[in-house]
Amino acid sequence: MSNRENHRLYSTWKSMRNRCNNPNTNHYKYYGGKGVRVCKEWNDFNKFVQDMYPSFEEGKTLDRKDTNGDYSFDN
C-alpha cells in the first residue's frame with residue numbers, strides 16, 4: 001500500500017473520482033451520468049490534498065456549493 005493510500009483524504013478523493021468517472025459505481029448516475037466532473041487539477045491527489053486538507057474535519061463529507069457543478073476548489 002502506498003503512502004497516499006494511507007492518507008486520511010485518499011478514500012474521499014477516490015470516491016469522488018469514482019462517482020464522476022466510473023459508470024459501474026452505484027452513484028455514477030447522480031454525478032458523472034449527469035455531467036458532474038472532477039476539475040483537471042484534482043485528478044492529481046497531491047493537488048486535491050493541498051486544496052482540501054486545511055478545511056478537513058473528521059466525520060464531514062465532501063460537498064459542493066452548486067450541486068450541479070463540478071468538483072473543484074471554488075465549488
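Numbers here simply count residues along the sequence, with the first being 1.
- Residues that satisfy the ring-ring contact (aromatic ring centres under 6.0 Å, His included) test with Phe73, not counting sequence neighbours, are absent from this structure.
- Pairs engaging residues 64-75 under the side chain to side chain donor-acceptor pair (under 3.5 Å) rule: Arg19-Tyr71 [sequence neighbours left out].
- Under the 4.5 Å side-chain criterion, counting only non-hydrogen atoms from C-beta, Arg8 is in contact with Glu58.
- Residue Tyr28 belongs to no hydrophobic cluster, having no ILVMFWY side-chain heavy atom closer than 4.5 Å to its own.
- Residue pairs that meet the side chain to side chain donor-acceptor pair (under 3.5 Å) test with at least one member in residues 30-44, sequence neighbours left out, are Arg17-Asn43, Trp42-Asp51.
- With sequence neighbours excluded, no residue forms a side-chain hydrogen bond (donor to acceptor under 3.5 Å, both in side chains) with Ser55.
- Residues forming a ring-ring contact (aromatic ring centres under 6.0 Å, His included) with Tyr10 (at least two apart in sequence, or on another chain): Trp13, Phe45.
- Rounded to the nearest 0.5 Å, atoms CG (Asn18) and OG (Ser11) are 11.0 Å apart.
- Scanning both residues, Pro54 and Val49, for their nearest heavy atoms gives CD-O, 4.0 Å.
- In this structure, Met16 CE and Met52 CE are separated by 9.0 Å, a value rounded to the nearest 0.5 Å.
- Across all their heavy atoms, Thr12 and Phe48 have their closest contact at CG2-CZ, 4.2 Å.
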